[in-house]
*Asks:* 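Okay, here's the structure, questions in a sec.
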Amino acid sequence: MGTPWTRFVPASALSALLALGATACGSDESGQSGPESDKKITVYSGRSESLVKPVLDEFREASGITVDVRYGDTAAMAAQLQEEGDRSPADVFLAQDAGALGSMAKKDLFAKLPDAVLDKVPGAYRDDDGEWVGVTGRVRTMVYNADQVPGADLPKSVFELTEPQWKGKVGIAPTNGSFQAFITAMRVQEGEEKTKKFLEGLKANDAQIREGNAPIVADVNNGRIAAGLVNHYYVYELAKEEGTTVDALKAKNHFFPDGDIGSLVNVSGVGVLKRADDDPDVRAFVDHLLGKQAQTYFADETYEYPLVAGVASAPGLPKLSSLNAPDIDLDDLDDLEATVKMIKDSGLA
Amino acid sequence: MRRFLPRPTLAAAATFSVGIALIPLAYLGVRVGEAGWARITDELITARTGALVVRSVALAAVVTAACTVLGVVLAFLVTRTDVPARRLFGVLAALPLAVPSYVAAFVWVSTVDGFEGFWAAALVLTLVSYPYVYLPVTAALTGVDPAQEEVSRSLGRGPWRTAGGVTLRQVRPAVAAGALLVALYVLSDFGAVSIVRVDVLTRAVFTSINLGFDRTGALVLATVLVALTAVVLLAEQLTRRRGARYARVGGGAPRPPTRLRLGALRWPAALAFTGVIATALGVPAASLLRRSLEGVSRPGSIAELATAARNSLGVALLGTALTVLLALPVGLLTTRVPGRLAVALDRLTYLSHALPGLVIGLSLVFFGINVAYPLYQSVWLLALAYAALFLPLAVAAVGSAVAQAPPGLEEVARSLGRRRSYVLRTVTVPLAAPGIGAGAALVFLTCMKELPATLLLRPTRLDTLATELWTQTSVAAYAAAAPYAALLVLIAALPTWWLSARTGVPTRGGG
Amino acid sequence: MAELSLADVRKAYGRVQALDGVNLIVRSGALVAVLGPSGSGKTTLLRCIAGFEALDAGEIRVDGHRVATRGAAVPPERRRIAVVPQEGALFPHLSVLGNVAYGLDRAARRAGRVAAVLDLVGLAGFQDRMPYHLSGGQQQRVAVARALAPRPPVVLLDEPFNALDAALRAEVRRDVWQALRADRATAVLVTHDQAEALSMADEVAVMRDGRIVQSGPPELLYASPADPWVAGFVGEAVWLPAAIDGDLARTPLGAVRLTPGDGSLPSGPTRVLLRPEQIALAPPGAPGTVSATVARRDFYGHDAVLALRLGDGTPVAARIFDPAAVPPAVGDQVGLRVHGTGRVFPRSADPGPTRPPASA
């Protein structure tokens with residue numbers, strides 16, 4: 001009877017001391033950064049757990065702030081946040097694409113971010129009103145099966161894909177946010193008429209419709225379709241799942257050259273809900289996402305483009321500066337609505 | 001003395017339950033109302049909406065017809081013929097119910113080249129939902145009084161004509177009930193139709209939310225599903241002959257039914273049976289196995305798998321308990337106080353049953369934020385969502401279970417000086433327990449499979465097997481996803497097995 | 001023990017008037033049989049008394065306290081009226097003990113009421129059996145024991161002996177009768193079996209088309225039915241066309257003395273009611289007899305009924321109590337002689353059934 005007691009008392013005394021110390025440190029820190037810090041934030045993530053979790057863990061360790069994360073589908077989550085309105089438990093929304101962030105901003109749910117945060121990211125990759133900021137860049141690309149498409153046949157422009165030699169060979173995911181952003185950018189850059197023709201051309205050319213980017217890359221890799229329009233990092237995910245390197249895959253990325261709209265740069269990003277406007281913990285979190293550690297992680301582990309200066313993209317990827325950065329608002333919803341209508345009218349969705 | 005109203009407490013409780021099931025409709029009403037007429041007509045009166053309705057209805061019709069044929073034929077083979085290995089078949093035939101439609105569709109798409117479109121969707125949906133017909137029809141066929149068949153035979157009708165003219169006629173209510181569930185299930189399904197890419201209303205609802213984050217447009221389209229449900233309910237009502245009740249008349253110990261000799265057809269029938277089960281169960285099993293062996297992504301530790309399984313069980317059990325509790329007054333009302341109110345309440349529980357889980361989820365977000373904030377993102381609100389989704393399954397089971405407990409027993413109990421609540425607790429519920437248990441099993445396995453509402457409403461950081469499966473497949477980590485899918489199917493298979501066992505096929509009579 | 005009274009009780013299901021103004025008084029401690037063909041409304045009457053159905057009009061009182069009237073009712077659990085349903089309706093998931101103790105409070109259970117009441121119905125020691133282990137007669141006894149256990153002032157029995165075979169029926173009937181007496185409960189027995197009603201009840205109320213057409217002691221009902229229909233329903237009837245001549249009726253069976261104190265005679269053509277046991281057999285051609293031919297012979301063991309045809313074709317029936325001694329065969333000639341008096345009815349009226357009608 002005595003033994004457990006004698007062991008237990010010092011142990012619990014020690015842990016009590018440790019707990020006290022931790023509390024003391026915590027209150028010290030909150031004293032420095034403002035009275036409202038409760039060392040706890042709630043994040044809604046439309047990005048997958050496996051991609052985001054390491055970054056959140058790093059943040060937790062570095063800051064001592066507890067992060068409650070809900071994972072979900074970006075679009076469904078945007079709808080949920082809009083339904084929740086002012087009473088949302090969320091402090092931060094981490095989204096797959098700019099369109100979802102834009103729809104949130106339009107509903108006036110986001111707080112304006114401080115200039116110091118916004119200035120870390122080039123102007124093209126953030127909201128004009130400063131209500132959201134891009135975290136990582138992803139590039140539209142054509143994935144192709146190296147056995148079926150010889151290097152010489154690779155198109156110079158995405159518009160070539162409506163030509164007869166590509167009939168029935170190109171996979172697209174028209175309901176995907178990144179595809180919509182790409183079409184929106186095309187309308188701005190190339191004009192309504194040309195975009196409409198392009199969509200109709202895809203439809204007439206028997207484009208292969210898929211639900212998302214991952215199934216396109218998988219089908220290209222196993223030869224079911226010859227090529228597809230996707231984001232650049234999906235081949236890396238596939239390589240990881242198959243336990244090999246991207247070089248060993250049949251599926252290869254083709255970046256359209258010369259600033260072709262087919263290699264548009266899109267972003268994933270973050271917005272802060274109004275209720276957390278001046279929550280120091282949330283500030284710290286956004287800073288962390290745009291900090292060197294997180295940006296390096298995204299570059300090296302998810303093969304996305306870091307958006308802050310001084311962090312290099314993964315080797316093997318073309319330089320961000322060599323690609324076509326859109327000079328339009330990725331989140332302009334009125335534009336998006338017209339895009340959606342155009343996609344629906346073309347019969348692709 | 002007391003004013004003599006037809007059981008006011010029961011009616012009030014039933015109305016409350018149906019109110020829960022109507023939360024999604026109230027939400028649709030609010031949001032669609034905000035949209036304004038111009039927006040509604042813009043969205044609805046288009047050639048595309050017309051095409052969507054036609055395709056949705058066609059898919060529901062084809063799958064319902066196929067499930068009816070498949071379900072009735074399999075049930076008949078198992079209960080009324082000498083097909084080889086009927087006990088084994090009897091259990092296996094119900095198990096596809098445990099396979100979520102999104103898993104089945106995914107498995108087929110990745111196994112068969114060019115597996116897409118209308119007929120692909122029809123195949124997948126038929127394979128996962130025919131047990132909705134098979135189970136009640138098997139139970140009904142086991143319960144049919146063989147005396148009537150014997151009379152038919154003695155009046156000069158051959159065995160096959162007797163089967164068609166007497167036996168199958170008697171199980172019509174069971175067939176209709178199952179077909180209704182199939183039709184509404186097909187209308188509400190998103191998982192399968194999105195994966196095999198057939199453009200139906202549910203997919204258009206999701207597309208609206210994904211394309212341009214257009215919640216309003218999505219909800220306007222969802223109202224079309226409610227309208228279609230109303231039409232389906234009406235049609236089902238019309239197929240029921242008025243006042244048709246096919247109960248076994250008179251007492252006497254139930255005898256095992258007579259079996260038809262298939263003769264030369266015996267082995268072909270067994271082969272066909274094997275074919276159905278191989279496509280419905282074998283293909284998913286083989287594919288999941290292959291996936292987990294081929295890929296290198298690994299699920300988290302066994303501990304993570306166990307946690308997800310535990311969470312799935314927990315929320316599904318809670319959801320089942322709440323659903324059955326809410327179904328009790330409605331089921332009691334329909335059997336004990338039949339009348340217009342009972343019929344209306346019963347039908348109303350079905351009205352939101354064809355809405356996709358995403359819409360139900362959003363409606364409960366709306367309800368949680370505006371009405372029940374303390375419950376928001378707690379397991380309780382998730383349980384409430386399951387209740388709103390699956391109340392009809394439980395109501396139907398409670399109704400037929402309570403019908404098994406004769407009202408005379410309740411009257412005797414009350415004449416002995418016992419209050420209604422005491423009688424309910426000591427007589428009605430114990431007698432109806434097996435039937436209510438069957439309903440609970442059905443609700444439980446459906447809760448286990450549910451994904452979209454679970455994603456929206458689960459407490460933060462609560463992962464279930466279904467959400468983990470979604471997490472892994474969304475980054476193409478199929479090997480990591482496979483164990484979650486397998487575990488999900490296995491756990492859901494347990495209540496399914498029990499359901500098919502209690503129809504009496506595997507336990508009774510020589511096989 | 002309580003007096004039960006019903007005044008102008010009405011109940012309709014849709015357009016079917018199940019109870020059409022029922023008046024009935026059951027004296028405290030009496031056993032009244034409600035006798036009627038199926039569909040006459042007797043089960044509805046019982047359900048209204050028990051409180052399972054609401055009244056459309058009229059009222060029901062127990063010991064002067066109103067328990068039901070139009071639109072208001074004491075719920076069944078507060079009426080203290082116990083019911084023994086058809087086929088027992090034992091709770092299948094409870095043992096005999098559980099069934100009988102169902103309506104008892106803890107004190108009564110501890111005081112040994114279950115054993116006492118089981119003893120009363122002749123099932124001592126059956127407490128732990130489950131209902132499906134009991135025979136039909138035993139189930140019915142348990143149902144009675146369950147109803148009597150809480151000592152209800154009123155007990156209702158709904159054709160409780162229907163499901164039992166003939167030999168068992170008499171035995172269970174007797175035991176139930178004794179149990180009811182021992183508890184001095186007021187009892188209403190609903191039945192379509194006239195033998196059961198006449199043999200068990202202190203009073204019989206005959207029901208037809210939702211009304212009580214006649215009530216009274218069994219002997220009175222049998223001897224002086226209010227109308228031809230009741231006459232036929234409570235027993236086998238022989239109808240003879242008659243011409244009235246003072247206190248005699250001239251019939252094909254000869255002159256029959258009329259039952260005295262019958263009030264005014266009907267005008268117009270008349271007929272006379274006899275019971276088959278009033279008609280005795282004699283050798284053919286014996287003086288003072290009318291000869292007849294045996295058309296059918298229904299043998300019951302303790303007695304037999306002969307269907308006969310008179311010379312002019314009038315059908316009559318005779319009950320013979322020693323069939324073994326005089327075995328006339330079909331086609332034999334016999335002589336007939338009438339005992340006792342006959343009741344006179346108008347001939348034009350509903351001839352009345354000689355057997356209980358199939359339905360009403």
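Chain naming here is simple, since letters A, B, ... match the order of the sequence lines and numbering starts at 1 in each. Because the structure is predicted, anything quoted here is derived from the model rather than measured.
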*Asks:* Name the region of B/R458, side chain, backbone, both or neither, that has any atom closer than 4.5 Å to a heavy atom of chain A.
*Replies:* both
*Asks:* Here's one to test your reading of the geometry: is the NZ or CZ of A/R87 within 45 degrees of the ring axis of B/Y373 and under 6.0 Å from its centre?
*Replies:* yes
*Asks:* Under a 4.5 Å heavy-atom cut-off, does chain A meet the side chain of B/R197, its backbone, both or neither?
*Replies:* side chain
*Asks:* Counting only heavy atoms closer than 4.5 Å, note whether A/K107 contacts chain B via side chain, backbone, both or neither.
*Replies:* side chain
*Asks:* State whether A/K274 and A/D108 are salt-bridged, where the test is any N-O pair (Lys NZ or Arg NE/NH1/NH2 against Asp/Glu carboxylate O) under 4.0 Å.
*Replies:*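 Yes, this pair counts.
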*Asks:* I'd like to verify something: which residue of A/A78, A/P89, A/G212 has the highest number of heavy-atom pairs under 4.5 Å with chain B?
*Replies:* A/P89
*Asks:* Within the 4.5 Å heavy-atom criterion, are B/V315 and B/L462 side-chain neighbours or not?
*Replies:* yes
*Asks:* Counting only heavy atoms closer than 4.5 Å, note whether A/F179 contacts chain B via side chain, backbone, both or neither.
*Replies:* neither
*Asks:* Only distances under 3.5 Å count here; give the side-chain donor-acceptor pairs of residues 362-371 of chain B to other protein atoms, sequence neighbours excluded, each with its distance to 0.1 Å.
*Replies:*
unit_1 : atom_1 : unit_2 : atom_2 : d
B/S363 : OG     : B/I360 : O      : 2.6
B/N370 : ND2    : B/F366 : O      : 3.0

*Asks:* B/L358 versus chain A, heavy atoms under 4.5 Å apart: side chain, backbone, both or neither?
*Replies:*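 When you check distances to chain A, only side chain atoms of B/L358 fall under 4.5 Å.
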*Asks:* Just to verify, which of A/L51, A/T302, A/V217 counts as forming a side-chain contact (heavy atoms from CB on, under 4.5 Å) with A/E237?
*Replies:*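 Of the listed options, the one satisfying the test is A/L51.
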*Asks:* Between B/R39 and B/D42, is there a salt bridge with N-O shorter than 4.0 Å?
*Replies:* no
*Asks:* Given that the side chain runs from C-beta out, which part of B/L457 has a heavy atom under 4.5 Å from chain A: side chain, backbone, both or neither?
*Replies:*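 Just the backbone, heavy atoms under 4.5 Å.
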*Asks:* Under a 4.5 Å heavy-atom cut-off, does chain B meet the side chain of A/D97, its backbone, both or neither?
*Replies:*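 Just the side chain, heavy atoms under 4.5 Å.
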*Asks:* Sorted by first residue and then second, give each ring pair (Phe, Tyr, Trp, His ring centres under 6.0 Å) pair with at least one member in residues 210-234 of chain A; sequence neighbours left out.
*Replies:*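 Every pair satisfying ring pair (Phe, Tyr, Trp, His ring centres under 6.0 Å) with a residue in residues 210-234 of chain A: A/H232-A/Y305.
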*Asks:* Are A/K196 and A/E192 ion-paired here, with the side-chain N under 4.0 Å from a carboxylate O?
*Replies:*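 So A/K196 does not pair with A/E192 through a salt bridge.
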*Asks:* Side chain from CB out, backbone as N, CA, C, O: work out which of these in B/P459 comes under 4.5 Å of a heavy atom of chain A, or both, or neither.
*Replies:*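 Contact with chain A is through the backbone of B/P459 alone.
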*Asks:* If I measure from the heavy atoms of chain B, does A/N213 come under 4.5 Å with its side chain, its backbone, both, or neither?
*Replies:*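 Answer is neither: A/N213 stays 4.5 Å or more from chain B.
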*Asks:* Please classify the contact between B/F206 and chain A as side chain, backbone, both or neither, with a heavy-atom cut-off of under 4.5 Å.
*Replies:* neither
*Asks:* With respect to chain B, which residue among A/S88, A/P215, A/A79 yields the maximal number of heavy-atom pairs within a distance under 4.5 Å?
*Replies:*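 Highest number of pairs under 4.5 Å: A/A79.
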*Asks:* Salt-bridged, B/R461 to A/D68, with N to O below 4.0 Å?
*Replies:* yes
*Asks:* Chain B: which of A/Q208, A/R210, A/E49 shares the most heavy-atom pairs with it under 4.5 Å?
*Replies:* A/R210
